[in-house]
Amino acid sequence: DAKTTQPPSMDCAEGRAANLPCNHSTISGNEYVYWYRQIHSQGPQYIIHGLKNNETNEMASLIITEDRKSSTLILPHATLRDTAVYYCIVRVASNDYKLSFGAGTTVTVRA
Amino acid sequence: GAGVSQSPSNKVTEKGKDVELRCDPISGHTALYWYRQSLGQGLEFLIYFQGNSAPDKSGLPSDRFSAERTGGSVSTLTIQRTQQEDSAVYLCASSAGRREKLFFGSGTQLSVL
């Protein structure tokens, strides 16, 4: 099972882009990269996922390197409401319904 | 409802008592998950239901933990003879299928005194 490595915390200025890195150097060819976030006292919320190509939706963009060993989640214009723990997850291929949540990155958006 | 609903939102119990936690998934979602989150920790997978298939119970920490899903909808997580180390937030999630994104409820905060 591929594991992910994320920085434990980062700060971001309100209105600026937040770039959240994730390393997944042992990812398999058919494993997707998922991002979820968890705002304090709430359940995790799906943000975006991708396999090879970059993806964008109304919440964020996901940039995956060509070798797929790392990715970056981009919040284009961070707001105070984006303060949360962000989890980068690689979907386990053999049991692909399970999501293994690590410690994530605690992102604090400051005014 | 529009989202995953869990009840109660908070539960305080005495050590040794049994507790039941309820989850109402999003209507039509065939997959249902239970996770546990201890204070300051990541999420720990407990159990997974998919349609009429046998559930994956591989994450249940002990035989004091059990879960049911009746009629392919509502699920109940039961913890017997609660211990203080069972104190955590218990999160339920549902998805439209085994490879689809998960929608989480707000969780049940369980405190065992």
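Computed from a predicted model, the values in this text were never measured in an experiment. All heavy atoms count here, side chains included; hydrogens, waters and symmetry mates do not.
Enclosure of atom CG in B:Asn52 is not indicated, since only 12 or fewer non-hydrogen atoms of other residues, nucleotides or ligands lie within 6.0 angstrom. By the 6.0 Å contact criterion, CZ on A:Arg16 is open, its count of non-hydrogen atoms from other residues, nucleotides or ligands being 12 or less. More than 12 heavy atoms of other residues, nucleotides or ligands sit less than 6.0 Å from atom CD of B:Gln80. In B:Leu39, the CG atom is not crowded: 12 or fewer heavy atoms of neighbouring residues, nucleotides or ligands sit closer than 6.0 Å. The neighbour count for B:Glu85 CD, taken as heavy atoms of other residues, nucleotides or ligands under 6.0 Å away, is above 12.
Taken together through direct or relayed side-chain contacts under 4.5 Å among Ile, Leu, Val, Met, Phe, Trp and Tyr, B:Phe65 and B:Tyr35 form parts of separate hydrophobic clusters. Under a hydrophobic-cluster definition in which Ile, Leu, Val, Met, Phe, Trp and Tyr are linked whenever side-chain heavy atoms come within less than 4.5 Å, directly or via other members, B:Leu21 and B:Phe45 are assigned to different clusters. Linking ILVMFWY residues whenever their side-chain heavy atoms come closer than 4.5 Å, directly or via other members, leaves B:Leu46 and A:Tyr36 in distinct clusters. Neither B:Val112 nor B:Leu91 shares a network with the other; the hydrophobic side chains, linked directly or stepwise wherever heavy atoms of I, L, V, M, F, W or Y lie under 4.5 Å apart, form separate groups for each. The hydrophobic clustering, which links ILVMFWY residues whose side-chain heavy atoms are closer than 4.5 Å, places B:Leu102 and B:Ile47 apart.
Of the atoms belonging to B:Phe103, not a single heavy atom falls under 4.5 Å from chain A. With a 4.5 Å cut-off on non-hydrogen atoms, A:Tyr32 does not touch chain B at all. In this structure, the portion of B:Ser58 lying under 4.5 Å from any heavy atom of chain A is its side chain and not its backbone.
Among the residues in residues 101-111 of chain A, those with a non-hydrogen atom closer than 4.5 angstrom to a non-hydrogen atom of chain B are A:Phe101, A:Gly102. Below 4.5 Å, heavy atoms of chain B meet heavy atoms from A:Gly43, A:Pro44, A:Tyr46, all part of residues 42-62 of chain A.
For the set B:Gln6, B:Gln37, B:Gln50, the count of heavy-atom pairs under 4.5 angstrom toward chain A peaks at B:Gln37.
Between the side chain of A:Tyr87 and the main chain of B:Leu43, no donor-acceptor pair closer than 3.5 Å is present.
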